[in-house]
A.B. asks: 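Sharing a structure, written as structure tokens. Questions coming.
Reminder, nothing fancy here: chain letters follow the sequence lines and each chain counts from 1.
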Protein chains: 2
Amino acid sequence: MEKEASGKRRILDSAARVLRTKGLNATKLSEIAEGAGMLAPSIYHHFKSKDVLVEQVMLDGIYNNTRHIMAKVEGRGAKLSAVERLRAAIVAHVEFLLSDDDSSAAVARVFDELPDDMKDRVLAAYATFDNYWRDLILAAAPENSNINSTVARKFLVAMLDSAPSWYRSGRLSGAQIAQQAADLFLLGFLQDGDIDG
Amino acid sequence: MEKEASGKRRILDSAARVLRTKGLNATKLSEIAEGAGMLAPSIYHHFKSKDVLVEQVMLDGIYNNTRHIMAKVEGRGAKLSAVERLRAAIVAHVEFLLSDDDSSAAVARVFDELPDDMKDRVLAAYATFDNYWRDLILAAAPENSNINSTVARKFLVAMLDSAPSWYRSGRLSGAQIAQQAADLFLLGFLQDGDIDG
DNA sequence: GTCTATAATCAGATAGAC
DNA sequence: GTCTATCTGATTATAGAC
């Protein structure tokens, strides 16, 4: 189709990986270039500026993440209850964040650091993602819930997005962390023992 | 006692306020100085470098936040149940984050952006804070909880710390957000209606 | 303790050869 | 499409007067 030069692809992948681990400010073009097998000025053949490159990484990350979650949830078929769908989304989100794919972890790590104007544009790109969560949450909400669904969504996403910042492979697997997140959000900390899931 | 020059105090206060709203990278010494009623080079009479100043703001913020939460919880007296103590801490934490005091919001906003070495030192200063939460959580945990208490603490603090990034005064007050956070964490999203508190 | 210069640094960005 | 220079700009930091 279009010629998505492999150079461009390598730069985007390298950028996501460095951003994920170092954050925006500590991410230097020289390091991105190194990961892509070239030198810093070569990046400018593919991207007009560092900002443009970073913004593309953010947009790709949001797209990949949204698509991944939707695929996981919808792939479970039409038999799932609203609560099971919400649980599946939570699990998919956390597992993707903790996976080898740098897309979503880069976004989670860097979003707060973005310059204001870029943050506004990236936030606009979140619309599909936000709407999907909103629908999942509204569908799963109990009748007379005293919890505001927007507040619940903000708290939920923030909680999940924090996982990469403190998770280290060891005792618990990513899948286990994901289950804990779902249990915690859906059932609460005071809910105990023997839960079906 | 010691002569904590009012200049130093003004710089720290101004720095916390700018950091809270702009994040680390966008916080310029010139703006901190402006808020303190002086020019940028004057800061160097009080602090050896920007890093040293920022680190002091972080340490102060952690200290203030920890002390505030402890005072609120312990001030409620010895009659509180473990769950009520945990709830009081959650509410105090969110209310402090959303208050006029810039201490804790500055930490929540900036922590992820800190350079690695400083982050390590700041993290060490979190020990008192972390231990307090750990104890509150362990005391309130149900007998056979299937939720890891460390994971619960990480998710809880991350969720609470996100509030300043999306909360805007309007419909819901800070106190209401704080209650929602406590309900959500303790009882879960699926818990509905009429909750005692 | 604060100011007016001015230096030093660093990283993003550009020019132009190959 | 990538390289080797080089430039630019912004910001931290220093020197030294007041």
Side-chain angles (χ1 to χ4, degrees), chain A residues 1-58 106 109-110 113-119 121-122, chain B residues 1-58 106 109-110 113-119 121-122:
Chain A
M1 315 271 167
E2 329 105 274
K3 45 167 163 266
E4 181 85 327
S6 74
K8 193 163 191 168
R9 183 70 270 142
R10 272 168 17 235
I11 292 169
L12 285 166
D13 289 344
S14 173
R17 190 160 37 76
V18 181
L19 287 168
R20 173 188 193 163
T21 52
K22 302 211 168 178
L24 178 56
N25 194 242
T27 293
K28 310 302 177 192
L29 289 179
S30 55
E31 190 170 355
I32 294 174
E34 188 184 0
M38 59 180 72
L39 291 171
S42 303
I43 291 176
Y44 289 89
H45 181 74
H46 304 277
F47 298 93
K48 194 193 164 198
S49 68
K50 181 185 178 182
D51 272 15
V52 168
L53 165 56
V54 169
E55 187 164 335
Q56 191 62 51
V57 174
M58 295 298 103
R109 174 69 211 270
V110 157
E113 287 184 68
L114 298 177
D116 286 341
D117 55 329
M118 196 194 301
K119 195 183 289 188
R121 289 190 298 275
V122 172
Chain B
M1 318 268 165
E2 331 102 274
K3 44 166 163 268
E4 181 87 325
S6 75
K8 194 164 192 169
R9 183 70 271 142
R10 268 162 27 229
I11 293 169
L12 286 165
D13 290 344
S14 174
R17 190 160 39 75
V18 181
L19 287 167
R20 173 189 193 161
T21 52
K22 301 211 169 178
L24 179 56
N25 194 244
T27 293
K28 308 304 176 192
L29 289 178
S30 55
E31 189 170 357
I32 294 174
E34 188 184 1
M38 59 181 72
L39 291 171
S42 304
I43 290 175
Y44 289 89
H45 181 75
H46 304 277
F47 298 93
K48 195 193 164 199
S49 69
K50 180 185 178 181
D51 272 15
V52 168
L53 166 56
V54 169
E55 187 164 338
Q56 192 61 53
V57 173
M58 296 298 103
R109 177 67 163 65
V110 157
E113 286 184 69
L114 298 177
D116 286 341
D117 57 329
M118 195 193 302
K119 195 181 288 188
R121 290 191 298 276
V122 172

A.B. asks: Specify the residue among A:His45 and B:Ala40 whose closest nucleotide of DNA chain D lies further upstream toward the 5′ end.
C.D. replies: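 Taking each residue's closest nucleotide, the earlier one in sequence belongs to A:His45.
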
A.B. asks: Starting at atom CD1 of B:Ile32, determine the distance to atom C1' of D:dT11, rounded to an integer number of angstrom.
C.D. replies: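 Between C1' of D:dT11 and CD1 of B:Ile32: 12 Å.
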
A.B. asks: Quick one: B:Phe47 CZ to D:dT11 P, roughly how many Å, whole number?
C.D. replies: 21 Å

A.B. asks: With a 3.5 Å cut-off and sequence neighbours excluded, list the donor-acceptor pairs that the side chains of residues 24-31 of chain A form with protein atoms.
C.D. replies:
| unit_1 | atom_1 | unit_2 | atom_2 | d |
| --- | --- | --- | --- | --- |
| A:Asn25 | OD1 | B:Asn25 | ND2 | 3.3 |
| A:Asn25 | ND2 | B:Asn25 | OD1 | 3.3 |
| A:Thr27 | OG1 | A:Gly23 | O | 2.6 |
| A:Lys28 | NZ | A:Asn25 | O | 3.0 |
| A:Glu31 | OE1 | A:Lys22 | NZ | 3.1 |
| A:Glu31 | OE2 | A:Lys22 | NZ | 3.4 |

A.B. asks: What salt bridge (Lys or Arg N to Asp or Glu O under 4.0 Å) pairs are there with at least one residue in residues 36-57 of chain B, not counting sequence neighbours?
C.D. replies: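 Non-adjacent pairs meeting salt bridge (Lys or Arg N to Asp or Glu O under 4.0 Å): B:Glu55-B:Arg121.
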
A.B. asks: Is it true that A:Asp13 and A:Arg9 make a salt bridge, defined as a side-chain N closer than 4.0 Å to a carboxylate O?
C.D. replies: yes

A.B. asks: Which residues pass the salt bridge (Lys or Arg N to Asp or Glu O under 4.0 Å) test with A:Arg109, not counting sequence neighbours?
C.D. replies: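 A:Arg109 satisfies salt bridge (Lys or Arg N to Asp or Glu O under 4.0 Å) with no other residue.
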
A.B. asks: Apply salt bridge (Lys or Arg N to Asp or Glu O under 4.0 Å) to B:Asp116 and list each qualifying residue two or more places apart in sequence or on a separate chain.
C.D. replies: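 Testing B:Asp116 for salt bridge (Lys or Arg N to Asp or Glu O under 4.0 Å), a comparison that skips the adjacent residues, returns none.
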
A.B. asks: It should be established whether B:Ser42 places a side-chain nitrogen or oxygen under 4.0 Å from OP1 or OP2 of nucleotide C:dG1.
C.D. replies: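 Answer no for this pair, as no side-chain N or O of B:Ser42 is under 4.0 Å from OP1 or OP2.
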
A.B. asks: How does each nucleotide of nucleotides 11-18 of chain C score, in 5' to 3' order, for protein heavy atoms under 4.0 Å: base (B), sugar-phosphate only (S), or none (-)?
C.D. replies: SSBB----

A.B. asks: Mind checking side-chain hydrogen bond (donor to acceptor under 3.5 Å, both in side chains) for B:Glu113 and listing every partner two or more places apart, or none if nothing turns up?
C.D. replies: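 With sequence neighbours excluded, B:Glu113 shows a side-chain hydrogen bond (donor to acceptor under 3.5 Å, both in side chains) to no residue whatsoever.
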
A.B. asks: Under 4.0 Å: is that the gap between some side-chain N or O of A:Arg10 and OP1 or OP2 of D:dG1?
C.D. replies: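 Negative; the distance criterion is not met.
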
